[in-house]
**Student:** 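Attaching a single structure in structure tokens format; questions to follow.
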Amino acid sequence: MTIEDLLTSEVPEDTKKMIRSLNKDAQELLIQMASKDSDYDRYVRKENVLKKYVLDTSANQELYHYTSITNLKKILHSKQWLIKRYNYMNDPTEMEWVLLMANILLVQNEGDQILKSFNDMFRSNPFDDLYVWSFSLNNHNQALFGNYSHGEDGIAVKFNAQEVQNTLATTYAHGKQDPNKFQFGDSFVGACKVEYDIDVQKKYISKIVDFWVTAYKNLSQDQYDMYEIMKECMISLVFLSMIFKNPLLSQEEEIRFLVINKNSDSEVHADKIIDGIPFMKTKLNNKLIKEIINKTGNNITTSEITKIINEMGFSEIDVTSSALPY
């Protein structure tokens, strides 16, 4: 495809003149944007980025949330699950890992003004009121058992992915399925696969940064097209920042449910604040939890766990022991 292929008879003459006056990089960017299976289509177009990383919960996968018996007692007693805001998670680089990598590229190749404009646009994204509920597809993850054991009482709690999606969508999206119909007070909800492969991360980030910089440099010549490209680049980058994590954390094997509030302002609209930490909350019915897997070597037995959950009205939950040898 050439730039002339884009300039059909439907394009106004003054627009044709403007596009023909663009430099080679800007014209190539417009061709990329218009072409199917191009790098822009693959690495920037938000529909394709979402398709790659959003988990299809209709396949009814089994997911496991790692926690402790101490925390589980609180959850069952309150009959609600608290979902923490992203910047209070264990990983201090949540939402920052991608920006850090992007900034390394910008510092190496561009000036201070482009660096500032890029960071300002990233920081002003409307998806900052974000909450994360972490799971794993692995029901015998020794690293997670160890990380969430408080005095040797770590457990893995089994859920059905579709049931979690339905519960969160009903609670936060208020049953709406089309994001275009969301109003202020609704929340985007979805399960995503976390990407730990550094080579994959670098490929996406470098392509997005390159396309954004090209659009930025040609903004004065073609304000509409270039700004639309900058916006789509940033939307995809912000989404990827929610699921690209430090490769050193790959042992987590994380699947995460995201709850993103659609707000009319830049404030945090949490359901609950505990010790300064914002949470969203969702009701826990008797059937949402399918199984509790007791960590090998715990100081509490499976029969003791069974007794605890029965007394709290959750007698339908199976309690089993981990197959890990230690």
**Student:** With side chains defined as the heavy atoms from C-beta onward, is the minimum distance between M234 and F118 less than 4.5 Å?
**Tutor:** yes
**Student:** Under 3.5 Å, is there a donor-acceptor pair linking the side chains of Q162 and T57?
**Tutor:** yes
**Student:** Any link between V259 and F188 through a network of hydrophobic side chains (Ile, Leu, Val, Met, Phe, Trp, Tyr) touching at under 4.5 Å?
**Tutor:** no
**Student:** Is there a donor-acceptor pair under 3.5 Å between the side chain of Q32 and the backbone N or O of D39?
**Tutor:** yes
**Student:** Consider only side-chain N and O atoms of E291 and T320, and report whether a donor and an acceptor are under 3.5 Å apart.
**Tutor:** yes
**Student:** For D25 and N218, test the side chains for any donor-to-acceptor distance below 3.5 angstrom and give the result as yes or no.
**Tutor:** no
**Student:** Aromatic ring centroids of Y131 and W133 under 6.0 Å?
**Tutor:** no
**Student:** Please tell me whether D275 and Y88 have a donor and an acceptor in their side chains that are separated by less than 3.5 angstrom.
**Tutor:** no
**Student:** Hey, would you say the F159 and W81 ring centroids sit under 6.0 Å apart?
**Tutor:** yes
**Student:** Run the salt bridge (Lys or Arg N to Asp or Glu O under 4.0 Å) test on K290 and E62 for me, step by step, so that the C-alpha distance in whole Å, both residues' side-chain angles and the decisive distance to 0.1 Å come before the verdict.
**Tutor:** CA-CA 9 Å; K290 305 301 181 184; E62 295 173 347; over 6 Å; no
**Student:** Only one of W97, Y53, Y196 forms a ring pair (Phe, Tyr, Trp, His ring centres under 6.0 Å) with F244, so which one is it?
**Tutor:** Y53
**Student:** Do S187 and N261 meet the criterion of a side-chain donor-acceptor pair at a distance under 3.5 Å?
**Tutor:** yes
**Student:** Could you check whether S38 and D41, counting side-chain N and O atoms only, form a donor-acceptor pair closer than 3.5 Å?
**Tutor:** no
**Student:** Distance only, no hydrogens: is a donor on one side chain within 3.5 Å (strictly under) of an acceptor on the other, for Q113 and S117?
**Tutor:** yes
**Student:** Between K295 and D153, is the closest basic N to carboxylate O distance under 4.0 Å?
**Tutor:** no
